[in-house]
Participant: 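Here's a structure for you.
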There are 2 protein chains.
Amino acid sequence: MVKSLDKKDEDWPDHVGWRLSQANSAWRAAFVEAMRAAGHGWMTDARASLLGHVGRRGTPQSVLIERMGISKQAVQQLIDGLEGEGVLRRMSDPRDKRARIVAHTQKGRSALQEANRIKLELEERYRNLLGPEGLAALKSALAALASSANDDIRGDREG
Amino acid sequence: MVKSLDKKDEDWPDHVGWRLSQANSAWRAAFVEAMRAAGHGWMTDARASLLGHVGRRGTPQSVLIERMGISKQAVQQLIDGLEGEGVLRRMSDPRDKRARIVAHTQKGRSALQEANRIKLELEERYRNLLGPEGLAALKSALAALASSANDDIRGDREG
DNA sequence: CCTTATTCGTCAAGATACTTGACTATATAA
DNA sequence: TTATATAGTCAAGTATCTTGACGAATAAGG
């Protein structure tokens, strides 16, 4: 059997949070699996979310830190790993000798292309499942929730 | 400053996966923060997802493993931690001397109540943001995505 | 009853993704 | 110049997960 969900269990989670979590891990798993199948065996969730913020012409490490919302050390470690894999490289910023610009290597650029392709495919698959309006509605609902949380939770880091 | 998202950046993630991830972490952060504010300082994401599967009258460890979709050792470690916090306790199953029933302690029951209250509050907040139909549509869309992934990714454990 | 396999749980060790604290080098402000 | 803030690194520790190996109880087959 696939799972024994059909049994009349005493309780099974059913709130938005749980569904959000399920859908999120489904997407992540699908993405990482597809990347790995495409030969990018070094891909993981955390690395994907970092890579998603590195622009084509490189991005300052400080900007990555700001965008990702995790500690600078965590970001650094992620970059270290990706640098070790030959996906990213660090360049120095001519205008600020402290700063480092993180950019894709050749390998990184091809991974980026692959990643974009896969994201489009997944988006397409979701569009087929939900219909174009359904997908659009989903995305706008998700955006609304995320931004409301930002407003509401206050006490962000750097506050 | 709160964040500098408004700048016209070269690229900023915008696919479903990213929004899913944002909304998901918003929910998780809100839940955990509310629990901690309510005095349950031991709460974490992973613990919350385990506790969501422990029924009021106790649940066999093997069932938790099956439901959570992670390794039995991971589940065990989570239970160990919660047992150490005095939230859960393990009882032996009279009908199977190998098995262990995981149940809430007194402290666990009060946390459970609090958690349910918070989940309802969050759901309510989301309902206000999206409207009743919007929330319902969101939930059903999420469910569709999660179950389609299950079909597609196959190779579940327990095969 | 007596093997043999299966299932339930534990112990141990290791990987990944984070955290905080301490510190260097550079830049900026007073 | 001196103080302070910012960019990044190094080191150590925590949380969550993994695989492998194992003991103990149950189930299946003779």
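Bear in mind that the values here come from a model prediction, so they are computed numbers and not experimental data. Just so it is clear: chains get the letters A, B, ... in the order the sequence lines come, proteins before strands, and each one is counted from 1.
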Participant: Please state whether the phosphate of D:dT16, meaning OP1 or OP2, lies under 4.0 angstrom from any side-chain nitrogen or oxygen of B:Thr44.
Facilitator: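 For D:dT16, OP1 or OP2 has a side-chain N or O of B:Thr44 closer than 4.0 Å.
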Participant: Which whole-number value in Å describes the distance from B:Lys97 NZ to D:dA27 P?
Facilitator: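 My rounded result for the distance is 12 Å.
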Participant: Is the closest basic N to carboxylate O distance between A:Glu124 and A:Arg127 below 4.0 Å?
Facilitator: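 Yes.
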Participant: Which residue in the set A:Leu122, A:Leu138, A:Leu130 passes side-chain contact (heavy atoms from CB on, under 4.5 Å) when paired with B:Val16?
Facilitator: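 In the set A:Leu122, A:Leu138, A:Leu130, the residue that makes a side-chain contact (heavy atoms from CB on, under 4.5 Å) with B:Val16 is A:Leu138.
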Participant: Just the rounded figure in Å: distance from C1' of C:dA17 to CZ of A:Arg47.
Facilitator: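 Interatomic distance, CZ of A:Arg47 to C1' of C:dA17: 11 Å.
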Participant: Quick check on side-chain hydrogen bond (donor to acceptor under 3.5 Å, both in side chains): which of B:Arg100, B:Arg90, B:Lys72, B:Gln76 does B:Gln61 satisfy it with?
Facilitator: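 The option that passes is B:Arg90.
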Participant: Would you mind classifying the nucleic acid contact of B:Asp45 as base, sugar-phosphate or nothing, using non-hydrogen atoms under 4.0 angstrom?
Facilitator: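 Nothing: the residue B:Asp45, judged by heavy atoms under 4.0 Å, touches no strand.
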Participant: Hey, does A:Lys72 reach any base, or is it just sugar-phosphate, or nothing, if we go heavy atoms under 4.0 Å?
Facilitator: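 Base, at least one base atom sits under 4.0 Å.
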Participant: Mapping A:Arg95 and A:Val75 onto DNA chain C by nearest heavy atom, which one lands closer to the 5' end?
Facilitator: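 Its nearest nucleotide being more 5', the pick is A:Val75.
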Participant: Could you tell me whether the side chain of A:Gln77 has a donor or acceptor atom within less than 3.5 Å of a complementary atom in the base of C:dT19?
Facilitator: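 Yes.
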Participant: Classify B:Gln76 by what it touches in the nucleic acid, base, sugar-phosphate, or nothing, heavy-atom distance under 4.0 Å.
Facilitator: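 The answer is base, as B:Gln76 lies within the cut-off (heavy atoms under 4.0 Å) of a base atom.
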Participant: Check A:Glu121 with A:Arg125, please: is the shortest side-chain N to carboxylate O separation under 4.0 Å?
Facilitator: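 No, A:Arg125 and A:Glu121 are not salt-bridged.
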Participant: Hey, are B:Lys119 and B:Glu114 close enough for a salt bridge, meaning a charged N less than 4.0 Å from a carboxylate O?
Facilitator: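 Salt bridge between B:Lys119 and B:Glu114, a charged N being under 4.0 Å from a carboxylate O: no.
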Participant: How close or far is atom P of C:dT16 from atom CD1 of A:Ile70, stated in whole angstroms?
Facilitator: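 Rounded to the whole Å, the gap is 16 Å.
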Participant: Atom CG of B:Asp93 and atom P of C:dC8: how far apart are they, to the nearest Å?
Facilitator: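 For the pair B:Asp93 CG and C:dC8 P, the rounded distance is 11 Å.
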Participant: Taking any heavy-atom pair under 4.0 Å as a contact, classify B:Ala99: base, sugar-phosphate, or nothing.
Facilitator: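 Since only primed, P, OP1 and OP2 atoms lie under 4.0 Å of B:Ala99, the category is sugar-phosphate.
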Participant: Take atom CG of B:Leu51 and atom P of D:dT16, then tell me their distance rounded to the nearest Å.
Facilitator: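 These atoms are roughly 11 Å apart.
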Participant: From CD of B:Glu85 over to C1' of D:dT14, roughly how many Å is that when rounded to an integer?
Facilitator: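 Result: 13 Å.
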Participant: For A:Ala46 and for B:Arg90, locate the closest nucleotide of DNA chain C by heavy-atom distance; then report the residue assigned to the nucleotide nearer the 5' terminus.
Facilitator: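 Its nucleotide being nearer the 5' end, the pick is B:Arg90.
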Participant: Tell me yes or no: between the side chains of B:Gln22 and B:Arg19, is some donor less than 3.5 Å from an acceptor?
Facilitator: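 There is no such pair (donor and acceptor under 3.5 Å, judged by atom type) between the side chains of B:Gln22 and B:Arg19.
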Participant: What is the separation between atom CG on B:Asp96 and atom C1' on C:dC8, rounded to the nearest whole Å?
Facilitator: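 Taking atom C1' of C:dC8 as the reference, CG of B:Asp96 is at 7 Å.
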Participant: Rounding to an integer number of Å, can you tell me how far B:Arg28 CZ sits from D:dT16 P?
Facilitator: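 To the nearest whole Å, that distance equals 11 Å.
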Participant: Any side-chain N or O of A:Ser71 under 4.0 Å from OP1/OP2 of C:dC18?
Facilitator: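 It does not, given that no N or O in the side chain of A:Ser71 lies less than 4.0 Å from OP1 or OP2 of C:dC18.
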Participant: Considering only C:dA27, C:dA12, D:dT9, which nucleotide approaches the side chain of A:Gln73 most closely?
Facilitator: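 From the listed options, D:dT9 comes nearest.
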Participant: Can you tell which of D:dT16, C:dA17, C:dA22 lies closest to the side chain of B:Leu78?
Facilitator: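 Selected nucleotide: D:dT16.
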Participant: Heavy-atom nearest nucleotide on DNA chain D for B:Arg98 versus A:Ile65: which residue maps closer to 5'?
Facilitator: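 Closer to the 5' end of DNA chain D: A:Ile65.
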Participant: So what does A:Ala74 hit on the nucleic acid, given a heavy-atom distance under 4.0 Å: a base, only sugar-phosphate, or nothing?
Facilitator: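 Base contact.
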